[in-house]
Amino acid sequence: MRKPSLTTTAISTLSFILGAWLVFDATRKLLTGYYTGEQTIGLRPWATIVSAIGVQPADMAFPFLFLGILWIVNGVIVLLGANTRYERAIAISIVTLFYALPGTIVGTITILLSLREKRLAGP
């Protein structure tokens, strides 16, 4: 197996970090009834976004859990070098952009790095 490039390692690392956070926070919500920081600093900007489209932030625990698992799987797929790894990374990043601030930052970086790697890899 070839050593992964720095960009591939960055995409995988970001995928694992965001995925682990989403799984942790969703699991915490399901077990305790609260997201991390909800009782002290309140919900983050993502709650405003989902509320604006008519979804209660409390109902996002299972979608966050699923999304976190997808991010972790995405990190493995990118590391293994699957043919569609960058397309998958871009797709999950687009879905996560609404998760304002961490998801937006990680998603944007992942999209940019994936597009760069896809262009460098050629057809």
Side-chain angles (χ1 to χ4, degrees):
M1 183 173 165
R2 260 181 53 207
K3 182 180 177 187
S5 71
L6 183 60
T7 304
T8 297
T9 303
I11 293 170
S12 293
T13 301
L14 289 171
S15 295
F16 292 136
I17 291 170
L18 185 58
W21 174 255
L22 285 164
V23 168
F24 167 77
D25 205 23
T27 303
R28 185 177 193 282
K29 172 66 175 173
L30 293 170
L31 295 176
T32 67
Y34 298 101
Y35 292 108
T36 304
E38 183 175 356
Q39 293 174 300
T40 55
I41 60 173
L43 294 175
R44 291 171 287 293
W46 65 266
T48 305
I49 296 169
V50 297
S51 295
I53 60 173
V55 177
Q56 294 295 320
D59 297 337
M60 292 300 294
F62 280 113
F64 281 171
L65 182 63
F66 180 68
L67 194 57
I69 291 168
L70 283 178
W71 271 103
I72 292 168
V73 169
N74 178 65
V76 172
I77 288 171
V78 169
L79 271 182
L80 293 177
N83 289 338
T84 59
R85 65 189 176 269
Y86 299 119
E87 290 84 353
R88 291 170 190 259
I90 291 168
I92 193 170
S93 294
I94 291 169
V95 170
T96 311
L97 288 175
F98 82 91
Y99 184 53
L101 215 45
T104 307
I105 293 169
V106 171
T108 302
I109 293 169
T110 302
I111 289 170
L112 294 172
L113 291 175
S114 295
L115 289 172
R116 178 183 179 274
E117 282 298 294
K118 186 164 172 49
R119 184 182 51 82
L120 292 175

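Along the sequence shown, the residues carry numbers beginning at 1. All values below were derived from every heavy atom in this structure, side-chain atoms included, with hydrogens, water molecules and symmetry-related copies excluded.
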Without placing hydrogens or testing angles, list every side-chain donor-acceptor pair under 3.5 Å for residues 91-105, not counting sequence neighbours.
| unit_1 | atom_1 | unit_2 | atom_2 | d |
| --- | --- | --- | --- | --- |
| Ser93 | OG | Ala89 | O | 2.7 |
| Thr96 | OG1 | Trp71 | NE1 | 2.9 |
| Thr96 | OG1 | Ile92 | O | 2.7 |
| Tyr99 | OH | Trp21 | NE1 | 3.0 |
| Thr104 | OG1 | Leu97 | O | 2.7 |

To the closest 0.5 Å, what do you measure between CZ (Arg116) and CD1 (Ile11)? 9.5 Å
If I compare all heavy atoms of Ser12 with all of Gly75, which pair ends up nearest, and what's the gap? OG-O, 3.1 Å
Minimum-distance pair of heavy atoms, taken over all atoms of Lys29 and Ala61: CG-CB, 3.7 Å
Can you measure from OG1 (Thr108) to CG (Leu113) and round to the nearest 0.5 angstrom? 11.0 Å
Between the CG atom in Asn74 and the CD1 atom in Ile90, the distance rounded to the nearest 0.5 Å is 10.5 Å
Under 4.5 Å between any side-chain heavy atoms of Phe16 and Val76, yes or no? yes
Would you say Ile109 and Leu115 are hydrophobically clustered, going by side-chain heavy atoms of ILVMFWY under 4.5 Å? no
Any chance you could measure Ile72, atom CD1, to Leu22, atom CG, to the nearest 0.5 Å? 8.5 Å
Run the side-chain contact (heavy atoms from CB on, under 4.5 Å) check on Val23 and Leu65 step by step: do they pass? CA-CA 5 Å; Val23 168; Leu65 182 63; 4.0 Å; yes
Quick one, Ile49 and Ile53 - any side-chain contact, counting heavy atoms below 4.5 Å? no
Can you name the closest pair of heavy atoms from Tyr86 and Thr8 and give their distance? OH-OG1, 3.2 Å
Can you tell me which residue pairs pass the salt bridge (Lys or Arg N to Asp or Glu O under 4.0 Å) test with a partner in residues 11-23, sequence neighbours excluded? none
Hydrophobic cluster identity match, Leu112 and Leu18, side-chain contacts under 4.5 Å: no
Within a reach of under 6.0 Å around CG of Asp59, are more than 12 heavy atoms found that belong to other residues, nucleotides or ligands? yes
Considering residues at least two apart in sequence or located in another chain, which fulfil the side chain to side chain contact (heavy atoms under 4.5 Å, CB included) criterion with Ile17? Thr13
Any donor-acceptor N/O pair, Arg85 side chain to Ala82 backbone, under 3.5 Å: yes
Closest heavy-atom pair, Glu87 versus Asn83, reported as atoms and distance to 0.1 Å, is OE1-O, 3.9 Å
Apply side-chain contact (heavy atoms from CB on, under 4.5 Å) to Arg28 and Tyr35, showing your working. CA-CA 6 Å; Arg28 185 177 193 282; Tyr35 292 108; 5.8 Å; no
OG1 on Thr9 to NZ on Lys3, rounded to 0.5 Å: 7.5 Å
Can you find a pair of side-chain heavy atoms, one from Ser114 and one from Glu117, that are under 4.5 Å apart? no
Taken to the nearest 0.5 Å, the spacing of Lys118 NZ from Ile111 CD1 works out to 14.0 Å
